[in-house]
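Inspection log for the structure reproduced underneath, given as structure tokens.
Lettering follows sequence order; numbering is per chain, from 1. Only a predicted model underlies this, so the values are computations on that prediction, with no experimental measurement involved. Hydrogens, waters and symmetry mates are skipped; everything else that's a heavy atom, side chains included, is used.
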Amino acid sequence: MKKLLGLGLAGAVAFAGLATGASAQQKTLDTVKARGTVNCGVAPGTPGFSNPDDKGNWTGLDVDFCRAVAAAIFDDPTKVSFKPLTAKERFTALQSGEVDMLSRVTTWTLSRDSAMGLAFAGVMYYDGQGLMVPTKLGVKSAKELNGASVCVATGTTTELNLADYFRSNNMTYKPVVFEKAEELNAAYEAGRCDVYTTDASGLYAQRLRFKDPSAHIVLPEIISKEPLGPVVRQGDFQWFTLVKWTYFALLNGEELGITQANVADMAKSTNPEVKRFVGAEGEFGKGLGLTQDWAVRIIKGVGNYAEIYERNVGPNTPLKIARGINNLWNKGGLQYAPPIR
Amino acid sequence: METALRATGTEPRSSRHGTAVELVDVHKWYGEFHVLKNINLSVAEGEKIVICGPSGSGKSTLIRCINRLEEHQKGRIVVQGTELTSDLRNIDKIRADVGMVFQSFNLFPHLTVLDNLCLAPTWVKKMPRAEAEKTAMHYLTRVRIPEQALKYPGQLSGGQQQRVAIARSLCMTPRIMLFDEPTSALDPEMIKEVLDVMIELAQSGMTMLCVTHEMGFARSVADRIIFMDRGEIVEQGPPSTFFNNPREERTRTFLSQILNH
Amino acid sequence: MALADETRVPGAPRNSALDWLYRREGRQIIGQVLIVIILGAFLWMVVSNTIYNLQKQNIASGFGFWDNTAGFDISQTLIPYSATSSYGHAFWVGLLNTLLVSVIGIVFATIVGFSVGIARLSNNWLVARLATVYVEVARNVPLLLQLFVWYFAVLKNLPGPRDSIQLPGGSVLNVRGLSLPAPVPQSGAGMVLVAAIVGMVAMIALNVWATRRQRETGQPFGRLLPSLALLLGLPILAAALMGFPFTFDYPVLRGFNFQGGIVVLPEFIALLLGLVFYTGAFIAEIVRSGIQGVSRGQKEAARALGLTSGQMLKLVVIPQAMRIIIPPLTSNYLNLTKNSSLGVAIAYPDLVSVFSGTVLNQTGQAIEVISVTMLVYLTLSLSTSAFMNWFNSRMKLVER
């Protein structure tokens with residue numbers, strides 16, 4: 001009953017949003033400026049990416065990206081209103097204008113670009129789907145999982161990758177599909193499934209929540225490509241560009257060695273790249289609908305990409321995920337930003 | 001104790017016919033409220049008794065104890081030689097022998113008149129349906145409404161319903177009939193048709209205990225009239241003595257209220 | 001409106017068209033036409049606006065997705081389904097799963113509800129008190145919470161597949177569910193099916209006959225044993241004659257799980273238990289109030305006639321109580337059906353989980369998917385109501 005109500009509500013919201021067209025026709029940036037906060041859709045509880053503490057303070061990689069956007073607009077990274085959304089709710093919430101952007105471990109795919117009216121503004125985190133099993137099963141490889149029961153979250157690419165992987169390897173499996181991570185975890189811990197699958201980063205994060213994390217191992221196979229990034233609606237190019245270049249600013253900041261600590265001194269730099277970055281040269285902010293020092297505001301507010309990464313998921317955090325493919329292009333990774341010029 | 005002596009003392013026909021109902025020293029309480037006090041009453045077979053008294057005097061409770069719609073807490077009640085105890089077999093046996101007619105008819109509204117009459121004979125006496133229907137039509141004819149057999153109770157007038165209720169009880173061929181204010185819920189023009197049926201029943205020799213305020217009926221039918229007040233039997237006697245020469249002050253007050261109305 | 005008629009000046013020139021405006025019927029027609037026009041305009045505006053916006057935002061619309069490959073698996077499928085089936089196929093799988101748990105749930109909730117409702121009125125102090133405690137607990141704890149309790153109680157108490165509980169007849173119980181041997185028909189199995197149908201028909205005929213005999217002769221007829229003999233005996237006899245034309249597909253532990261057989265999922269069991277005991281408590285209250293709604297006089301009359309308390313309940317009280325019970329009972333059946341959508345929380349693959357969960361997310365077509373889902377629940381609700389209205393009018397007819 002409650003569920004149906006929620007369903008009806010989601011439908012009504014989608015319908016109302018799309019019917020009135022408030023979302024599409026107004027410029028998102030103007031709406032955000034008038035409102036004074038960015039409405040940012042985040043995952044309800046994924047350690048390292050977006051996780052509220054008991055006081056309601058959000059932390060995580062995705063959360064910091066929301067703050068970076070707010071910093072660019074308002075010069076204040078706290079001007080964000082976080083909207084926790086389940087995988088099932090997220091697109092409807094974005095399409096209908098309930099949030100201005102999603103920054104919640106969402107995979108960039110063709111159909112999401114082409115048929116769902118979504119625009120991915122970049123890849124904050126290159127991920128891949130992994131599989132976790134209890135250590136006591138003695139399984140060493142995903143290829144040994146024929147006939148296994150698999151716990152998976154509904155409404156995710158994970159659900160499809162799982163089917164593809166088992167099908168292509170001529171194996172069968174039994175899906176057990178949950179809506180929320182809490183029940184998924186509890187069912188897996190109670191032995192309902194042999195396998196827990198989600199993005200590898202998520203597996204590491206969830207494993208931390210188990211009573212005995214060492215009783216579970218993440219299998220070496222990564223069975224899919226999961227580029228996770230911020231998403232906006234199609235049809236508002238200005239907003240899309242702003243979000244995209246916020247992401248690029250984080251990367252360029254790292255590449256240029258501009259950090260939260262030294263950003264103030266960088267204004268005196270003679271390096272032309274840095275000068276363009278801090279707004280001492282050129283008029284780049286204007287084109288984005290922002291001020292000259294937009295990139296400085298971002299770094300001042302949340303730090304560069306490396307700082308965000310290390311703070312939330314890096315080797316010194318409980319998640320202990322190495323930079324790997326998320327390193328900058330010139331350090332052997334995939335993260336690459338076009339120049340500010 | 002005095003009333004007890006008087007009750008048995010003024011019993012003229014018990015020796016001749018055998019006793020239908022015997023109540024000895026019966027008490028009943030509703031919580032703190034002492035609703036029946038020291039009731040002693042012996043009813044002979046074939047005897048017609050009218051019980052009257054102000055409302056709340058315990059007269060309905062008294063007859064409802066006889067087929068155990070109410071439980072008494074002290075004393076003995078013997079019906080047709082069987083004592084009413086908590087033994088369920090005795091209760092079933094007695095209920096099969098005792099018919100009851102209620103103030104509010106209590107016909108089963110979801111069944112036709114005929115089904116109302118056949119229900120108990122087929123289920124309790126395991127009588128074949130054909131025979132039960134024959135009996136039912138016999139009694140419906142006796143109460144003068146055989147043509148209503150296929151209607152539902154809701155389609156009948158109050159008087160007709162009460163006559164059906166009497167026929168329903170008679171279908172179980174009871175040896176004792178209890179009437180709990182059978183005409184109180186009726187419009188005045190319907191009272192007579194019900195009383196006529198009761199008078200006819202009385203003439204057939206049925207043992208009857210009637211709680212009623214119909215003093216005309218009491219005068220012409222009753223062998224004995226019992227006056228109750230505040231849970232006690234205050235006075236009893238044949239109609240002539242009772243109406244013309246009541247002994248107790250309370251009886252006189254009651255009679256003056258009811259007759260000069 | 002009526003005032004308009006009276007305030008017209010007598011003898012004023014009558015214009016027939018204007019005159020019509022001042023009549024009540026005229027006003028009503030005008031009012032209704034206006035409402036239709038406004039409603040129509042509003043709907044047109046909403047729909048055209050929505051289509052425009054969907055196109056503008058580059059969101060696909062229409063039901064083109066219906067035949068596309070779904071690409072995901074479902075844990076419980078009553079019809080053949082695989083990841084290569086279409087979204088439309090997934091819709092039917094979800095719908096059938098919803099219907100399965102709803103229908104079975106309604107049957108058991110009714111049984112539980114009537115038993116507990118009658119038990120609450122029992123003279124046995126302990127029975128009545130236990131029934132009261134159950135009703136109060138079940139009604140006042142949110143269903144979602146009860147589902148979690150049942151689900152995790154089921155999961156926590158069952159062993160893993162390798163320590164499964166072996167049940168007689170080759171059935172196996174473990175945390176992955178209850179695996180039953182599945183009969184595989186061989187040649188001659190058709191005869192057994194025919195015998196089963198004949199047995200069922202014969203059993204119904206026997207019961208009709210026994211009821212009539214009871215009515216006609218007053219002789220009760222022990223119908224339980226002969227009924228069972230017809231229902232079970234006949235097919236067993238036929239099977240014996242045909243040389244037991246079935247082999248059984250026994251569940252066998254292979255790798256991680258038991259393979260083969262029919263599997264009853266723990267999610268299904270938990271959802272069914274939750275729905276049955278939650279709705280059962282409401283039905284119990286309805287039954288209790290229905291029985292209490294039958295006047296005391298009716299019960300006294302039945303007792304005065306010598307009916308036993310069982311006969312009284314069956315012949316006098318319940319038939320009358322039904323008229324009070326049926327309308328709220330209907331709404332509880334509807335609630336159960338709608339509440340089954342909470343199964344999504346405990347991984348039961350019902351319509352909401354499969355269709356407006358996974359399918360919606362894979363296609364992103366919220367308006368189409370939600371509309372279809374709402375239409376389904378509306379249809380289910382309306383048809384249940386229609387059936388119960390028909391049943392109610394039949395019960396009513398008996399009285400007048």
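- Heavy atoms of B:Ile91 lying under 4.5 Å from chain C are absent altogether.
- Taking chain B as the reference chain and counting heavy-atom pairs below 4.5 Å, the highest number among C:Leu307, C:Val294, C:Val316, C:Thr308 is found for C:Val316.
- Although no hydrogens or angles enter the test, the distance criterion places no donor-acceptor pair under 3.5 Å between the side chain of C:Gln320 and the main chain of B:His110.
- For B:Arg168, the parts lying under 4.5 angstrom from a heavy atom of chain C are both the backbone and the side chain.
- Listed here is the closest heavy atom pair of B:Phe102 and C:Ala304: CZ-CB, 4.1 Å.
- For the pair B:Leu107 and C:Gln298, the tightest heavy-atom approach, listed with the atom from each and the gap, is O-NE2, 2.7 Å.
- No more than 12 heavy atoms of other residues, nucleotides or ligands lie within 6.0 Å of CZ in C:Phe108, so this atom counts as exposed by the packing criterion.
- When side chains are defined from C-beta on, B:Arg64 counts as touching C:Glu300, because their heavy atoms get closer than 4.5 Å.
- Without hydrogens or angle criteria, B:Asn106 side chain to C:Gly297 main chain gives a donor-acceptor distance under 3.5 Å.
- Crowding of C:Asn123 atom CG: a count of heavy atoms from other residues, nucleotides or ligands under 6.0 Å not exceeding 12.
- Closest approach of C:Gln311 and B:Trp123 over heavy atoms only: NE2-O, 3.2 Å.
- Smallest separation of non-hydrogen atoms from C:Ala301 and B:Phe108: CB-CE2, 4.1 Å.
- Note: C:Leu305 CG to B:Met172 CE = 6.5 Å, rounded to the nearest 0.5 Å.
- Within 6.0 Å of NZ in B:Lys125 there are more than 12 heavy atoms belonging to other residues, nucleotides or ligands.
- Only one option out of B:Thr122, B:Leu119, B:Asp115 pairs with C:Leu315 in a side-chain contact (heavy atoms from CB on, under 4.5 Å); it is B:Leu119.
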